[in-house]
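Some notes on the structure that comes next.
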Amino acid sequence: MAITLHDSLSRETRELQPSHPDGVYRFYNCGPTVYAPAHIGNFRTFVVNDVLRRLLELEFGKDKVHHVRNLTDVDDKTIRRAREEGRPLAAVTKQWTAKFHADCQALNCLPPHDEPTATGHIREQVDMIEVLMQKGNAYRAPDGSVYFKVSSFPGYGHLSRVHERELQHGSALAGKVHAADADEKEDVSDFALWKAHKADDGDNAWDSPWGRGRPGWHIECSAMSKKLLGATIDLHTGGVDLLFPHHENEIAQSECCNGVPFAKHWYHSEHLLVDGKKMSKSLGNLYTLDELVAKGFSPMAVRYTLLMGHPRKQLNFTLDSVHAAESALKTLRGFHASLPAGGATSHTFEPVVAALKDDLNSPAALGALFTIINRPGGEPDRESFDQAMFALGLDLTAAAPAAQTVPAAITALAEQRWAAKQAKDFAAADALRKDLTAAGWSMLDRKDGFSLEPVKKP
RNA sequence: GGCGCGGUAGCCAAGUGGUAAGGCCGAGGUCUGCAAAACCUCUAUGCGCCGGUUCAAUUCCGGCCCGCGCCUCCA
C-alpha cells in the first residue's frame with residue numbers, strides 16, 4: 001500500500017515515490033536552531049517526521065531512505081546566546097545539540113542519516129551564493145552583505161502564495177519590516193544570503209568574496225540538501241511557520257542556482273497549541289520535555305500526545321491530554337505483555353499502519369489500534385502489532401514514569417498499616433490508609449507486600 | 001487589511017451523501033477484608049448558527065458567528 005501525503009505546493013494529496021534511479025527516497029527535514037532546549041511544539045514536527053521516516057522504511061526498505069535533518073548553529077539567536085554567556089559559539093551549540101539528541105532519543109526518534117551543520121558547510125554556501133551572483137539573482141549591498149533579488153525569480157511566492165498577501169496595513173508590523181537592514185536592500189522582499197560582519201557577531205565570521213561575514217539563514221538548507229541529496233529532492237518538510245519565508249526563499253535560491261526543481265513534494269506540520277494558544281514565553285505556556293518529565297510524565301506519553309492530533313491540524317496540548325496518553329500507554333503495555341508469542345492472522349494490526357500511510361493520520365491509527373485490541377474473539381497478531389508500534393514509534397518497553405522517592409515517614413506508616421492488615425485489624429488498617437492518602441500517597445497491596453505511589457491528581 | 005486552518009460528547013480527537021471510530025475522565029458491575037489493578041457494561045436522536053440542494057447532510061453550496069495560525073529569520 002502506497003504512502004500518500006499532502007503536498008503544500010500543489011495542495012493535493014499524492015503518492016510518495018522515489019524519483020532517482022537508485023530507488024532511494026531523498027527526504028530533507030528542517031531541523032532546530034541549537035541555542036536552547038527545544039520545546040514540545042518543535043518536537044511535534046520532529047515526531048511527525050519520525051513517523052514519516054519509519055513509514056518510508058517500511059514502504060521502500062530500510063536502506064532505501066535517505067533522511068537529512070540539519071542543525072542551525074549560527075544565526076542571531078545562537079550568537080546572542082553565546083555573547084550573553086561569554087562563551088564561544090561552538091560551546092553553546094554543542095551543548096544544545098547534545099540536549100536535542102538526548103530529547104530525541106527519549107522520544108524514540110530515529111536519528112537522521114545525516115545531520116549537517118551550517119558552520120560545517122560555509123564553503124558550499126559561499127559557492128552557491130557565487131553562482132547566484134554570477135547569474136544575476138543576487139547583489140552585494142554597500143555594507144558587504146549579499147541579498148537575493150526576489151524580483152529575479154518569477155516563481156517566487158508559489159508555495160506560500162505570497163503574491164496574494166499584503167503586509168498588514170496600519171499596524172506596528174508594517175513599520176518594523178527589517179528596519180535594521182532595510183536600508184541596504186534594494187527591495188524589502190529581498191533576503192540576505194550573506195550577512196556582513198557586525199561588532200555583535202564577535203569572531204563568528206568567515207571570509208568570502210564579499211568580505212568577512214556569515215551566511216544568511218535560508219542558504220544553509222539549499223546548500224546542504226544539494227550536497228547530500230542532490231539538486232532535486234523527493235520531499236522537503238518542516239513546520240508551517242517555515243512555509244514563508246524560509247521555504248519560499250529556499251526554492252528561489254536553489255532553483256535559480258541549479259536550474260532544476262528543488263523539491264518534488266513539500267509537507268508542513270501544523271502548530272502545537274498549549275491551552276488554546278501558540279506557545280510563547282510571554283504567555284508562559286511553553287513546555288520542554290524536561291518540564292513534563294519533572295511533572296511525572298514519561299517521554300513516551302509525550303510522544304503519544306503529539307500523535308493524538310492530525311499532523312496538518314493544530315493540536316491543543318494540555319496536561320490532561322498527557323494524562324490521557326499515559327493511561328492509554330499503560331493499557332498498551334499491558335496488552336503487549338499479554339500478547340501470545342506466535343503469529344496469528346485473525347486480528348491483524350495492519351489497519352494501524354494503513355491509517356498512517358494515509359496522509360499520516362495518526363489519530364485514526366490510534367483509533368484503529370484500540371478498535372482491534374478491543375475486538376472480541378480471535379487472536380491478535382503479534383507481528384503486525386510490533387510493526388504498528390514501530391511505525392508509531394511507541395516503545396512499550398521504555399521506562400514508565402520514574403517512581404518517586406518515598407519519604408521514610410510514609411514508609412513507616414505503610415509498614416504499620418501492613419502489620420495491622422496482617423493482624424486483621426482492619427479498622428486500624430483503614431485509618432492508616434486514610435492517613436497515607438491525606439499525606440498524598442496511595443498504598444497498593446499485593447499478596448506478599450505493598451508498594452507506594454503518589455496519589456493521582458484528577 | 002491579506003492568506004490559511006478549524007469549530008464533533010465533560011476533555012482530547014477520527015470520520016462519512018445514508019444515519020456518529022477511538023482514547024481519557026465519569027457511572028454501574030464482577031473480583032478483591034478495604035483500596036488499587038484487571039475484566040464486563042453504559043455514556044452525542046447529535047456533529048457552531050441560519051438558509052439551500054437532495055429521497056437522505058454532520059458530510060455538498062451560500063451567508064453569519066466564534067477560535068487559532070501566518071504575513072521576513074518561531075517546528
Side-chain angles (χ1 to χ4, degrees), chain A residues 8 11 29-33 38-49 72 75-77 150 160-171 173-174 176-178 181-182 185 188-192 195 216-218 237-246 248-249 268-273 276-280 304-305 308-310 312-318 320-332 334 338 355 361-374 376 417 421 424 426-427 429-430 433-434 436-437 442-446 450-451 453 456 458:
Chain A
S8 313
R11 305 209 166 188
N29 171 19
C30 278
T33 302
H39 55 67
I40 53 167
N42 298 314
F43 282 118
R44 179 185 199 196
T45 295
F46 299 129
V47 164
V48 165
N49 276 273
T72 298
D75 78 324
D76 291 349
K77 295 191 294 294
V150 165
S160 61
R161 299 183 168 183
V162 77
H163 290 311
E164 296 169 19
R165 297 177 184 231
E166 289 177 28
L167 270 181
Q168 189 171 13
H169 298 300
S171 77
L173 208 73
K176 75 172 188 185
V177 174
H178 265 205
D181 56 6
K185 296 197 282 191
V188 288
S189 300
D190 294 346
F191 57 90
K195 304 180 90 156
W217 174 38
H218 316 293
T237 68
V240 276
D241 48 343
L242 298 184
L243 221 140
F244 184 84
H246 186 52
E248 198 71 73
N249 293 352
H268 294 91
S269 43
E270 254 295 350
H271 278 305
L272 185 72
L273 306 180
K277 302 279 186 185
K278 183 179 172 180
M279 279 182 288
S280 74
Y304 189 106
T305 306
M308 290 197 325
H310 189 108
R312 287 197 297 109
K313 206 172 149 182
Q314 291 170 344
L315 173 66
N316 189 25
F317 184 96
T318 65
D320 280 347
S321 45
V322 201
H323 271 115
E326 197 77 76
S327 297
L329 265 180
K330 195 175 177 184
T331 300
L332 288 179
S338 68
N361 195 338
S362 52
L366 293 172
L369 175 63
F370 281 92
T371 300
I372 299 162
I373 285 176
N374 295 329
R417 198 196 76 90
K421 181 189 170 182
K424 304 221 182 272
F426 296 127
D430 289 352
R433 175 182 287 289
K434 277 188 182 174
L436 281 164
T437 306
S442 298
M443 185 165 169
L444 308 179
D445 293 358
R446 292 192 311 269
F450 62 86
S451 62
E453 67 179 35
K456 283 176 192 157

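Side chains included, hydrogens not; waters and symmetry mates left out as well; all remaining heavy atoms used.
Within the model, atoms CG of A:L315 and OG1 of A:T305 stand 8.5 Å from one another, a figure rounded to the nearest 0.5 Å.
Side chain A:K278 to base B:C74: a donor-acceptor pair is found below 3.5 Å.
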Exercise. Dot-bracket, RNA chain B: Watson-Crick or G-U, under 3.5 angstrom, [ ] crossing, | other strand?
Worked result: (((((((..(((.....[...))).(((((.......))))).....(((((..]....))))))))))))....
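Across all strands, A:H246 comes closer than 4.0 Å to no nucleic acid atom at all (heavy-atom distances). The residue A:H39 sits close to a base: some heavy atom pair falls under 4.0 Å. Within the 4.0 angstrom heavy-atom criterion, no nucleotide atom of any strand lies near A:L369. Using a 4.0 Å heavy-atom cutoff across all strands shown, A:G238 reaches sugar-phosphate atoms only and no base atom. When heavy atoms are screened at a 4.0 angstrom cut-off, A:N249 is found touching no nucleic acid atom at all. At a threshold of 4.0 angstrom between heavy atoms, the contacts of A:E248 with the nucleic acid are absent.
Distances shown here put a side-chain N or O of A:K313 below 4.0 Å from the OP1 or OP2 atom of B:G7. OP1 and OP2 of B:U72 both lie 4.0 Å or more from every side-chain N or O belonging to A:K185.
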Restricting both atoms to N or O, compile the protein contacts to nucleotides 31-35 of chain B shorter than 3.5 Å, with distance only.
from	atom 1	to	atom 2	distance (Å)
B:G33	O6	A:R417	NH1	3.2
B:G33	N1	A:D430	OD1	3.0
B:G33	N2	A:D430	OD1	2.8
B:G33	N2	A:D430	OD2	2.6
B:C34	O2	A:R433	NE	2.9
B:C34	N3	A:R433	NH2	3.2
B:C34	N4	A:D445	OD2	2.5
B:A35	N1	A:D445	N	3.1
B:A35	N3	A:R433	NH2	3.2

Which atom pairs link the protein and nucleotides 19-23 of chain B when you take only N or O atoms and keep those under 3.5 Å?
from	atom 1	to	atom 2	distance (Å)
B:A21	O2'	A:T371	OG1	3.4
B:G23	OP1	A:N374	ND2	2.8

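For A:F191, the ring pair (Phe, Tyr, Trp, His ring centres under 6.0 Å) partners at least two apart in sequence or on another chain are A:F148, A:H218. Remark: A:K278 pairs with no residue by the salt bridge (Lys or Arg N to Asp or Glu O under 4.0 Å) rule, at least two apart or across chains. The salt bridge (Lys or Arg N to Asp or Glu O under 4.0 Å) check on A:D430 picks up nothing, with sequence neighbours excluded.
Looking at every heavy atom in both residues, A:A364 comes nearest to A:A355 through C-CB, 4.0 Å. For the pair A:F426 and A:K421, the tightest heavy-atom approach, listed with the atom from each and the gap, is CE2-O, 4.1 Å. Closest heavy-atom contact between A:H39 and A:M279: ND1-CE, 3.3 Å.
A donor-acceptor pair shorter than 3.5 Å can be found between the side chains of A:T237 and A:N49.
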